[in-house]
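Scroll down for the structure; my scribbles are underneath it.
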Protein chains: 2
Amino acid sequence: MGRIRHQDLRNSPACPVEGTLELIGGKWKGVILYHLIQQGTLRFNELRRKMNVTQRMLTNQLRELETSGLIDRKVYAEVPPKVEYSLTERGRSLEPIILALKRWGDDNILAIGYVAPGTC
Amino acid sequence: MGRIRHQDLRNSPACPVEGTLELIGGKWKGVILYHLIQQGTLRFNELRRKMNVTQRMLTNQLRELETSGLIDRKVYAEVPPKVEYSLTERGRSLEPIILALKRWGDDNILAIGYVAPGTC
DNA sequence: GTATATAGTGTCGAAAAAGGTACCATGAGG
DNA sequence: CCTCATGGTACCTTTTTCGACACTATATAC
């Protein structure tokens, strides 16, 4: 996913834009962050039920967010397993950006020509 | 590229986040928008010189931004060719988001562990 | 004994995104 | 005549991403 290639970081005062986008730009990362902002803490399958995504992809995206230091993964030694995800402080610092993305999308995406088939 | 698949728009109150990210999430789109915010108007090769990118990719990303209604393409009937790119009103409405992405990146990317090799 | 829920992992293949190289038209400058 | 600059396009290959599907372990409930 958003592995940053070093070349991206050269030659451009704008690269932080690029870098930030790579961190939150994976197929499901924005949505995961959004849900965690709304709910605070969510278990794996709670997240899964909110987003039509396979286990594999969800695990994958969560791991990358964790590696980036944006979310926290708390495992309870129980059976059946229980794992809770929440935002780290750094993750929370993205809140204004995520919410701005959502607001902009609400205001503009339909106008641009994408049509939601059912509900959105 | 940022083609939105309809499935993404179902089942999630967060999909505008996803949608917006797809519009600005192409490999070079964030940077292009950033430069246009800074400079107002730029010619094709001016942009190219600011970003280590091939002609092919730059054309591609510019076309997609144009299709999304975020940038304007003005062709002058001259030789050698002259084409100017600038933000549309809708594009300008992304300014706070792009600048927030840049600021967040400046504050966080190095801390997260990416190391700029030379300058950045 | 069987089914259920949870939070995963592994493998595979298709599709999408990105990148490399070559090529084009044209007018100006020498 | 040759060369340069501009803003592309065409063709092809590589890399990355996405998703389908099968499989796992374990405690609990029936």
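Below, chain A is the first sequence line, B the second, and so on; all start at residue 1. This structure is a prediction, so every number in the text was calculated from the model and none was measured.
- If you take CZ of B/R48 and P of D/dT6, they are 10 Å apart, rounded to a whole angstrom.
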Atom pairs under 3.5 Å: protein N/O with N/O of nucleotides 6-10 of chain C:
residue	atom	partner	partner atom	Å
C/dT6	OP2	A/N45	ND2	3.4
C/dT6	O3'	A/R43	NH2	3.1
C/dT6	O3'	A/P81	O	2.8
C/dA7	OP1	A/R43	NE	3.0
C/dA7	OP1	A/R43	NH2	3.1
C/dA7	OP1	A/V83	N	3.2
C/dA7	OP2	A/N45	N	3.0
C/dA7	N7	A/Q55	NE2	3.2
C/dG8	OP1	A/R63	NH2	3.2
C/dG8	OP1	A/R73	NH2	2.4
C/dG8	OP2	A/Y85	OH	2.7
C/dG8	N7	A/Q55	OE1	2.7
C/dG8	N7	A/Q55	NE2	3.2
C/dG8	O6	A/Q55	OE1	2.4
C/dT9	OP1	A/R63	NH2	3.4

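- Partners of B/T88 under the side chain to side chain donor-acceptor pair (under 3.5 Å) rule, at least two apart in sequence or in another chain, do not exist in this structure.
- In this entry the distance linking NZ of B/K29 with P of C/dA16 reads 14 Å, nearest Å.
- In this entry the distance linking NZ of B/K74 with P of D/dG7 reads 15 Å, nearest Å.
- Atom CG in B/L47 sits roughly 19 Å away from atom P in D/dA5 (whole-Å rounding).
- Between the CD atom of B/Q61 and the P atom of C/dA16 there is a distance of 16 Å, given to the nearest Å.
- Rounded to an integer number of Å, the gap from B/L42 CG to D/dT6 C1' is 15 Å.
- For A/S93, the side chain to side chain donor-acceptor pair (under 3.5 Å) partners are B/W104, not counting sequence neighbours.
- Ion pairing between A/D107 and A/R103 fails under the 4.0 Å rule for side-chain N and carboxylate O.
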Under 3.5 Å donor-acceptor pairs involving side-chain atoms of residues 74-83 of chain B, not counting sequence neighbours:
residue	atom	partner	partner atom	Å
B/Y76	OH	B/E84	OE1	3.0

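- For B/R63, the side chain to side chain contact (heavy atoms under 4.5 Å, CB included) partners two or more places apart in sequence, or in a different chain, are B/T59, B/E66, B/R73, B/Y85.
- Applying the side chain to side chain donor-acceptor pair (under 3.5 Å) test to B/R90 and every residue at least two apart in sequence or in another chain returns A/N108.
- Across the protein-nucleic acid pair, A/M57 atom CE and C/dA16 atom C1' stand 13 Å apart, rounded to whole Å.
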